[in-house]
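Proteins get letters first, then strands, A, B, ... in listed order; numbering begins at 1 in each. Computed from a predicted structure; not experimentally measured.
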Number of protein chains: 2
Amino acid sequence: MTAAIGGRRRQRSTRQGGLVRDQLAAADGFRSAQSVFSDLRARGEVIGLSTVYRHLQALADDGEADTLQTAEGEALYRLCGQTSHHHHHLVCRICGRTEEIEGRGVEQWAAQMAEQHGFTDVGHTIELLGICGACTADGTKS
Amino acid sequence: MTAAIGGRRRQRSTRQGGLVRDQLAAADGFRSAQSVFSDLRARGEVIGLSTVYRHLQALADDGEADTLQTAEGEALYRLCGQTSHHHHHLVCRICGRTEEIEGRGVEQWAAQMAEQHGFTDVGHTIELLGICGACTADGTKS
DNA sequence: CGCCTCAATGATAATGATTACCACACTTCG
DNA sequence: CGAAGTGTGGTAATCATTATCATTGAGGCG
């Protein structure tokens, strides 16, 4: 397998693929598939919902995008592959602003817990949801 | 803490409510609403899907049950209220066995990260998914 | 340059979990 | 006993996501 040759992609590069990627790149925070789709359509682009889902998943599979799920079960995507190292997110639950944070300590804690309980092959889901400074200021008066 | 006058609940206690609670109590790990429902039905109990969802959510609201979501967007519930302090879970992705773990360090880390980025009112979602000792042994030969 | 092959696309139907609705049963109280 | 109201549960509706499948466009080859 000539697998990991540079940026070689196994699939053809298409206009739609670029659109989805661009749309993600343009956003600061996480975007839902549905919102990416409707935004693209709103901009007059011609693209199908299926295609958006397809590319979003492809990006996630390639590790170029991170995903997380809202409490309502909606999947959110974000381009993060640039920083190739493992990291987590601190997301504003109001404006959606997302900060990337490191979790050295957490990784260790997770590994330790796993070992302590005899678990192997342990992965973790860690997301922090809060309200960012700007939004806190806004909401103060309410 | 005789506060709430024993087990006083604001709603009537019904047979179905007990069934759902029992079914959850009987399980070691997290259960999906659908599975609780079909198990109950399989045992010959007469109960509606709506009712199962209702009670599951009620338990979650009362803080008597914890919830988490699978990657496929399915909600899972587990009775955990007994241990009233905040904790996290280490779940076996094969057999579903669940260990409750403490996260002193993690809580601190989360709070610290939040402060560092000017976020307030920060909550976190932390779940560890792995393979427990028993299942590791089973899968060794594969 | 035109053709051929096949991945990519996209409209639509299907799926699956969850919720909304609503008529009916059972409790409780007067 | 009857009124009033909560809880129930079947069914339809919702919503995100996935599968289906005929059509389109990309690229390589002759």
Side-chain angles (χ1 to χ4, degrees), chain A residues 2 7-24 27 29-62 64-78 96, chain B residues 5 7-24 27 29-62 64-78 96:
Chain A
T2 43
R8 244 290 163 284
R9 183 117 320 106
R10 34 220 158 287
Q11 60 246 6
R12 295 177 185 166
S13 69
T14 63
R15 183 180 56 86
Q16 289 87 342
L19 284 178
V20 172
R21 192 200 197 78
D22 285 352
Q23 189 65 207
L24 265 198
F30 281 84
R31 304 284 310 278
S32 74
Q34 303 279 347
S35 105
V36 168
F37 171 67
S38 52
D39 274 18
L40 244 21
R41 273 300 180 85
R43 287 203 330 208
E45 301 291 354
V46 176
I47 190 172
L49 179 57
S50 315
T51 308
V52 172
Y53 273 101
R54 223 172 344 234
H55 281 287
L56 247 20
Q57 287 204 344
L59 287 172
D61 285 349
D62 280 4
E64 297 190 56
D66 280 353
T67 70
L68 62 80
Q69 310 220 159
T70 66
E72 305 89 52
E74 206 177 3
L76 303 182
Y77 300 81
R78 180 174 200 248
Chain B
I5 312 180
R8 246 290 164 282
R9 184 118 319 109
R10 33 215 159 292
Q11 59 245 3
R12 294 179 188 167
S13 69
T14 62
R15 183 180 56 88
Q16 289 86 342
L19 284 179
V20 172
R21 193 201 195 78
D22 285 353
Q23 189 65 207
L24 265 197
F30 282 84
R31 304 284 309 278
S32 74
Q34 302 279 348
S35 104
V36 167
F37 171 67
S38 53
D39 274 19
L40 243 23
R41 273 302 179 85
R43 285 202 330 206
E45 302 290 355
V46 176
I47 191 173
L49 179 57
S50 315
T51 307
V52 172
Y53 272 101
R54 225 174 343 237
H55 283 286
L56 247 20
Q57 288 203 342
L59 287 173
D61 285 349
D62 280 4
E64 297 190 54
D66 281 353
T67 69
L68 61 80
Q69 311 220 158
T70 65
E72 305 89 51
E74 205 177 4
L76 304 184
Y77 300 81
R78 180 177 200 246

*Nearest-angstrom distance from the residue atom OH of A:Tyr53 to C1' of C:dT15*: 13 Å

*asked:* Rounded to whole Å, please give me the gap between CZ in B:Arg21 and C1' in D:dG7.
replied: 17 Å

*Any side-chain N or O of B:Gln57 under 4.0 Å from OP1/OP2 of C:dT19?*
yes

*With B:Ala71, which residues qualify under side-chain contact (heavy atoms from CB on, under 4.5 Å), at least two apart?*
none

*Is the phosphate of D:dG9, meaning OP1 or OP2, less than 4.0 Å from a side-chain N or O of B:Thr51?*
yes

*Could you tell me the separation between the CG atom of A:Leu19 and the P atom of D:dG25, rounded to a whole number of Å?*
15 Å

Show the atom names and distances, to 0.1 Å, of all donor-acceptor pairs under 3.5 Å that link a side chain in residues 38-46 of chain A to residues at least two apart or in another chain.
residue	atom	partner	partner atom	Å
A:Ser38	OG	A:Gln34	O	3.1
A:Ser38	OG	A:Ser35	O	3.3
A:Asp39	OD2	A:Arg31	NH2	2.8
A:Arg41	NE	A:Ile47	O	2.9
A:Arg41	NH2	A:Ile47	O	2.9

*When the distance from CZ of B:Arg31 to C1' of C:dA17 is rounded to whole Å, what number comes out?*
16 Å

*Considering only heavy atoms from C-beta outward, does the side chain of B:Leu56 approach that of B:Leu24 to under 4.5 Å?*
yes

*asked:* Suppose we screen for ring pair (Phe, Tyr, Trp, His ring centres under 6.0 Å). Which residues come up paired with B:Tyr77, at least two apart in sequence or across chains?
replied: none

_Please encode protein proximity along nucleotides 21-26 of chain C as a string of B, S and -, counting only heavy-atom distances under 4.0 Å._
------

*Provide, to the nearest angstrom, the distance between the CG atom belonging to B:Leu59 and the P atom belonging to D:dG7.*
14 Å

*List in numerical order all residues of residues 32-45 of chain A for which some heavy atom is under 4.0 Å away from an atom belonging to DNA chain D.*
A:Ala33, A:Gln34

*List in chain and number order the residues that pass side chain to side chain donor-acceptor pair (under 3.5 Å) with B:Thr14, two or more places apart in sequence or in another chain; answer none if no residue qualifies.*
none

*So A:Arg15 and A:Leu19, side-chain contact (heavy atoms from CB on, under 4.5 Å) or not? Walk me through it.*
CA-CA 6 Å; A:Arg15 183 180 56 86; A:Leu19 284 178; 3.6 Å; yes

*For the side chain of A:Thr14, starting at C-beta, report the closest nucleotide among C:dA8, C:dG10, D:dT17.*
C:dA8

_Whole angstroms only, please: what is the CG-P distance between A:Leu56 and D:dA16?_
14 Å

*Minimum heavy-atom separation for B:Ala33 to B:Val52, with atom names?*
O-CG1, 3.8 Å

_How long is the straight-line distance from CZ of A:Phe37 back to OG1 of A:Thr51, given to the nearest 0.5 Å?_
9.0 Å

*Output yes when at least one side-chain N/O atom of A:His55 is less than 4.0 Å from OP1 or OP2 of C:dT9, else no.*
yes

*By side-chain contact (heavy atoms from CB on, under 4.5 Å), which residues pair with A:Ser50, not counting sequence neighbours?*
A:Arg54

_Atom-to-atom span, CD of B:Glu72 to C1' of D:dA16 - whole angstrom_ = 14 Å

*Please tell me which of the listed nucleotides, C:dT9, C:dA17, C:dG10, lies nearest to the side chain of A:Ile47?*
C:dG10

*asked:* Expressed as a whole number of angstroms, how long is the span from A:Arg15:CZ to D:dA26:P?
replied: 9 Å

